[in-house]
Amino acid sequence: MRAHRSCIDEEVKAVQIMSAAMKQTPQSYTLLHVQCDFLRSKGNFEWALKLARQAVNCAPSEFVTWEKLTELYIELGQYESVCSVRLLS
């Protein structure tokens, strides 16, 4: 039980750190990707998708932003969207 509580505390701390960092640099695609990965790990793919789109808007010339967006579309089975990403990138 104690170990479980410790994991939850660490997770809360990590979310607080991410939130503070996003307030300082809201246009950071790397921070958006960290949040995106966290949401994916929690099974919240729709929110993760919104952050992936935001990351693309913040850094459209970065390959990794398009890659992350494509991965999410595939995980969600939105294959037509994957084709659109491929055409845009």
Side-chain angles (χ1 to χ4, degrees):
M1 181 74 170
R2 185 177 230 178
H4 178 69
R5 175 75 178 158
S6 177
C7 288
I8 291 173
D9 290 344
E10 291 296 316
E11 194 170 272
V12 168
K13 197 180 297 183
V15 169
Q16 290 171 339
I17 290 168
M18 278 192 294
S19 176
M22 285 304 296
K23 286 178 185 173
Q24 292 178 354
T25 53
Q27 299 298 310
S28 169
Y29 76 87
T30 53
L31 286 173
L32 289 166
H33 281 180
V34 170
Q35 286 184 318
C36 183
D37 291 340
F38 174 77
L39 290 167
R40 286 168 77 184
S41 75
K42 297 296 180 188
N44 196 332
F45 296 102
E46 290 300 324
W47 282 10
L49 182 59
K50 288 177 186 180
L51 291 176
R53 287 182 185 138
Q54 188 177 343
V56 167
N57 288 333
C58 291
S61 62
E62 292 292 333
F63 172 80
V64 293
T65 60
W66 292 99
E67 178 184 31
K68 180 83 61 185
L69 181 59
T70 301
E71 289 171 356
L72 276 158
Y73 281 139
I74 290 170
E75 283 185 62
L76 292 168
Q78 296 180 9
Y79 301 110
E80 287 184 21
S81 297
V82 171
C83 293
S84 298
V85 168
R86 184 181 163 122
L87 293 174
L88 294 172
S89 58

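Just so it is clear, the structure is predicted and the values come from calculations on it, not from any experiment. One-based numbering along the sequence shown.
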Under 4.5 Å between side-chain heavy atoms, chaining through other members, with only Ile, Leu, Val, Met, Phe, Trp and Tyr counted: pull out the rest of the cluster around Tyr29, sorted by chain and number.
-> Val64

Does the side-chain contact (heavy atoms from CB on, under 4.5 Å) test come out yes or no for Leu76 and Ser81, once each step is laid out?
-> CA-CA 10 Å; Leu76 292 168; Ser81 297; over 6 Å; no

Please answer whether the main-chain N or O of Ala59 pairs with a side-chain N or O of Thr65 as donor and acceptor at a distance below 3.5 Å.
->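 Side chain of Thr65 to backbone of Ala59: a pair is present.
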
Does the Trp47 side chain pair with the main chain of Leu39, one donor and one acceptor, at a distance under 3.5 Å?
-> no

Contact check, side chains of Thr30 and His33, non-hydrogen atoms, under 4.5 Å =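 Side-chain contact under 4.5 Å: no.
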
Taking only residues two or more places apart in sequence or in another chain, which ones pass side-chain hydrogen bond (donor to acceptor under 3.5 Å, both in side chains) with Asp37?
->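 Applying side-chain hydrogen bond (donor to acceptor under 3.5 Å, both in side chains) to Asp37 gives Lys68.
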
When rounded to the nearest 0.5 Å, the distance separating CG of Leu51 from CG of Leu69 is 11.5 Å

Taking all heavy atoms of Cys36 and all of Leu72, pick out the closest pair and write down the distance.
-> SG-CD1, 3.3 Å

State, to 0.1 Å, how close Tyr73 and Leu49 come at their nearest heavy-atom pair, and which atoms those are.
-> CE2-CD1, 3.7 Å

With the 4.5 Å side-chain cut-off for hydrophobic clustering, are Leu31 and Phe63 part of the same group?
-> no

Tell me, please, which residues at least two apart from Glu71 pass salt bridge (Lys or Arg N to Asp or Glu O under 4.0 Å).
->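 Glu71: salt bridge (Lys or Arg N to Asp or Glu O under 4.0 Å) contacts with Arg40.
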
